[in-house]
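Everything numeric in this text was worked out from a predicted model, so none of it was measured.
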Protein chains: 2
Amino acid sequence: MKPVSTDHVTAFRHFNRYFTRRIGALDDHYLGQDRPLGEARLLFEIGDGVSLRELRSRLGLDAGYLSRMARALEAQGMVRVGVPPHDSRLRIVELTPAGRLEVQEQNRRADALVSGLLDGLTPGQRAELTGALATARRLLRLAGIAVEVVDGASADARACLDAYAADIDTRFPEGFDKSDLVGPEEVTGEAGAFLVAYEEGRPVGCGALRRLETGTGEIRHVWVHPDARRLGLARRLLDGLERAARERALDVVRLDTHRTLTEAQAMYRACGYTEIPAYVDHVYAHHWFEKRLGPLPEPGPE
Amino acid sequence: MKPVSTDHVTAFRHFNRYFTRRIGALDDHYLGQDRPLGEARLLFEIGDGVSLRELRSRLGLDAGYLSRMARALEAQGMVRVGVPPHDSRLRIVELTPAGRLEVQEQNRRADALVSGLLDGLTPGQRAELTGALATARRLLRLAGIAVEVVDGASADARACLDAYAADIDTRFPEGFDKSDLVGPEEVTGEAGAFLVAYEEGRPVGCGALRRLETGTGEIRHVWVHPDARRLGLARRLLDGLERAARERALDVVRLDTHRTLTEAQAMYRACGYTEIPAYVDHVYAHHWFEKRLGPLPEPGPE
DNA sequence: ATGTCTATTTGACTTTAGTCAAAGAATCTC
DNA sequence: GAGATTCTTTGACTAAAGTCAAATAGACAT
């Protein structure tokens with residue numbers, strides 16, 4: 001990785017300071033108008049039936065603290081606390097109509113506040129701001145996603161492959177048969193690699209590399225969760241797989257794609273892959289690509 | 001003002017939620033690692049000798065609360081509290097070497113954190129993020145600036161005119177004589193108007209409208225504080241002055257500019273002003289502009 | 001069935017953050 | 001020089017936020 005220039009760091013910190021001071025502070029104020037901030041935040045996070053366990057990990061709260069707050073909200077008639085049938089250690093909290101009303105009111109206030117803020121801008125400036133914020137969010141999300149090499153047999157790897165299979169099963173007209181997925185032994189150690197992308201602890205993408213008989217690498221199952229698309233994550237996964245190939249002394253990687261996956265084909269081309277004749281016969285393959293990996297993993301400035 | 005589309009509002013709130021959760025929370029954590037957040041923030045705000053009064057207004061704290069925190073920091077050897085010679089009711093706090101060290105350490109940590117965050121992006125993506133954040137900040141600042149009609153004799157108006165005079169005195173090769181400024185009576189009531197732009201309570205720009213003998217309006221002294229330039233504030237001031245002209249049944253406005261102020265000339269052209277022959281003889285004038293004001297102040301989408 | 005683990009609850013705390021009012025000291029206004 | 005005003009300090013509070021540990025109850029593995 002290139003070192004981060006101090007200019008970018010200070011620019012980021014300036015924005016951060018400005019934003020939290022101007023907007024964040026404002027935010028806390030409208031939320032905590034009638035009740036303690038902790039309770040208000042909690043109420044806000046309870047959509048339709050969340051377990052305390054989930055809330056605890058999401059908000060990073062102490063178990064005792066959370067328990068008491070939930071009970072306090074229950075006493076105020078804002079939430080109902082119930083026991084889920086499958087595991088009676090857990091507690092499910094859900095909003096009562098009164099609670100729902102209060103959340104709506106919070107939302108209304110927050111909307112009014114933002115609306116007042118944007119009011120001073122022309123429609124063109126509003127659109128520009130929205131665009132800039134969308135770009136910033138996209139890049140911040142991407143920056144927060146870590147791509148890791150995991151065991152191909154791990155729960156996260158299998159979960160990703162299952163999601164991948166279900167996903168393309170709906171996209172391929174002929175459906176998709178899970179027996180086509182790589183086995184754990186093909187993507188472990190010297191044989192290959194399995195990458196999983198994590199966003200805030202949740203797996204949101206994967207990719208596999210395996211060694212072909214010909215001594216070249218094959219990339220398979222590059223997949224990104226629908227929530228994490230259009231961030232540039234597939235490229236990151238691809239980069240990681242190419243790195244893994246280099247580490248295993250494979251200086252050529254190949255892959256095939258289905259004709260329906262046109263975005264994927266465009267991405268492979270953009271990443272330096274060139275279309276080649278069929279190198280293997282494969283049920284779901286209609287296009288074949290290859291990339292010769294340079295010796296130095298030093299990309300120029302983008 | 002056009003109503004704010006709900007799309008912009010929800011987009012803004014999404015960003016806000018994401019950003020405060022991911023970045024803001026993180027922020028509080030590194031700051032408050034060794035000491036309470038309040039104290040850490042305070043320490044951070046004390047640059048080189050600030051009065052408690054200043055801190056109180058800047059951070060919006062209770063006088064008693066602040067006094068105690070300052071004394072606590074003093075007891076810890078982080079700051080020195082002194083009495084300024086000119087007013088012994090006030091207290092000046094400044095960092096001791098130990099305090100300075102701690103602030104540096106805070107900064108180092110924050111930088112490292114941001115650096116780690118940006119580390120996952122390519123140089124191109126980092127630049128894109130920095131650009132998006134700069135755009136967002138610029139527009140947020142602009143949105144937070146309120147342009148108000150004030151009395152031409154008010155302290156804020158005079159302060160702006162003084163700053164304006166000092167500013168152009170350095171830019172005009174021949175200097176600038178303050179007797180050329182409009183008098184309060186020229187820009188009050190039906191005669192004219194004086195606008196001041198406020199950012200978080202501080203005046204950061206101004207503009208004057210006065211009535212010419214010919215029954216047209218004249219715009220003068222459009223000025224923006226150096227800290228608030230490149231936000232698009234001059235256009236806002238100009239808009240406000242044109243509105244004021246329309247309200248006074250002046251459907252033509254004129255203005256003159258000095259040859260050195262080329263950005264200003266470009267802006268007038270971009271705002272629909274056309275260059276005309278000299279309508280008046282004036283020491284500092286080299287270019288004259290005019291704009292015919294349409295009956296409806298309804299700008300198309302930008 | 002026994003032990004281990006997980007999720008919540010409860011009790012007993014502490015710290016932080018903040019408010020309000022009164023008092024003291026200095027400055028400013030007339 | 002009297003009175004109003006400004007800034008800080010101090011005392012006496014309160015509420016919110018959070019911590020820690022022990023207890024309880026259910027789930028899960030062997």
Side-chain angles (χ1 to χ4, degrees), chain A residues 20-21 24-25 27-46 49-76 78-94 155, chain B residues 20-21 24-25 27-46 49-76 78-94 155:
Chain A
T20 41
R21 196 171 50 79
D27 223 42
D28 285 0
H29 245 250
Y30 82 80
L31 260 173
Q33 224 149 13
D34 310 317
R35 57 172 70 256
L37 226 114
E39 272 181 33
R41 266 201 281 260
L42 190 57
L43 209 55
F44 204 85
E45 284 291 329
I46 300 168
V50 208
S51 65
L52 286 187
R53 167 150 140 272
E54 166 75 19
L55 284 171
R56 197 149 47 81
S57 77
R58 206 191 297 167
L59 301 174
L61 297 173
D62 174 80
Y65 185 30
L66 178 59
S67 169
R68 252 182 284 255
M69 273 206 289
R71 294 302 175 177
L73 285 173
E74 190 182 30
Q76 292 167 54
M78 295 290 122
V79 304
R80 241 188 317 273
V81 180
V83 179
H86 64 281
D87 186 343
S88 41
R89 289 170 305 181
L90 291 159
R91 296 291 178 277
I92 298 286
V93 257
E94 48 187 342
Chain B
T20 40
R21 196 171 49 78
D27 223 39
D28 285 359
H29 245 249
Y30 83 79
L31 260 174
Q33 225 152 10
D34 310 317
R35 57 173 72 255
L37 226 115
E39 272 181 31
R41 265 201 281 260
L42 191 56
L43 209 55
F44 204 84
E45 285 291 329
I46 301 168
V50 207
S51 65
L52 286 186
R53 165 150 141 273
E54 167 74 18
L55 284 171
R56 198 149 47 81
S57 77
R58 206 191 297 167
L59 300 174
L61 297 173
D62 175 79
Y65 185 29
L66 178 59
S67 169
R68 250 182 285 254
M69 273 204 292
R71 293 302 174 176
L73 285 173
E74 190 182 31
Q76 292 167 52
M78 295 290 122
V79 304
R80 241 188 315 274
V81 180
V83 179
H86 64 282
D87 186 343
S88 41
R89 290 170 305 178
L90 291 160
R91 296 291 178 276
I92 298 286
V93 259
E94 47 186 342

**Message:** Using side-chain contact (heavy atoms from CB on, under 4.5 Å), reason through A:Glu39 and A:Leu73 one step at a time and then give a plain yes or no.
**Reply:** CA-CA 7 Å; A:Glu39 272 181 33; A:Leu73 285 173; 3.8 Å; yes
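- Taking the nucleotide of DNA chain D with the nearest heavy atom to each of A:Pro85 and A:Tyr65, the more 5' of the two is matched to A:Tyr65.
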Give each protein N/O atom lying under 3.5 Å from an N/O atom of nucleotides 6-8 of chain D, with the pair distance.
from  : atom 1 : to      : atom 2 : distance (Å)
D:dT6 : O4'    : B:Arg89 : NH1    : 3.3
D:dT6 : O2     : B:Arg89 : NH1    : 3.2
D:dC7 : OP1    : B:Arg53 : NE     : 2.4
D:dT8 : OP1    : B:Arg53 : N      : 3.3
D:dT8 : OP1    : B:Arg91 : N      : 3.3
D:dT8 : OP2    : B:Arg53 : N      : 3.3
D:dT8 : OP2    : B:Arg56 : NH2    : 3.4

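- With sequence neighbours excluded, no residue satisfies side chain to side chain donor-acceptor pair (under 3.5 Å) with B:Asp62.
- Using a 4.5 Å heavy-atom threshold, the side chains of A:Leu52 and A:Leu90 count as separate.
- A:Asp62 places its CG atom 11 Å from the C1' atom of D:dA21, with the value rounded to the nearest Å.
- Chain B approaches DNA chain C over the interval C:dT16 to C:dT27, counting the first and last nucleotide 5' to 3' with an atom under 4.0 Å from its heavy atoms.
- In this structure, the nucleotide among D:dG18, D:dT19, D:dA12 sitting nearest to the side chain of B:Arg68 is D:dA12.
- Here CZ of A:Arg91 is found 6.0 Å from CZ of A:Arg71. Values are rounded to the nearest 0.5 Å.
- In this structure the side chain of B:Ile92 never reaches within 4.5 angstrom of the side chain of B:Val83, judged on heavy atoms.
- A salt bridge links B:Glu54 with B:Arg58: at least one charged nitrogen is closer than 4.0 Å to a carboxylate oxygen.
- Looking only at side-chain heavy atoms (C-beta outward), B:Val79 and B:Leu43 come within less than 4.5 Å of each other.
- Note on A:Gly64: a base of the nucleic acid sits closer than 4.0 angstrom, heavy atoms only.
- Closest approach of B:Val93 and B:Ala70 over heavy atoms only: CG1-CB, 4.4 Å.
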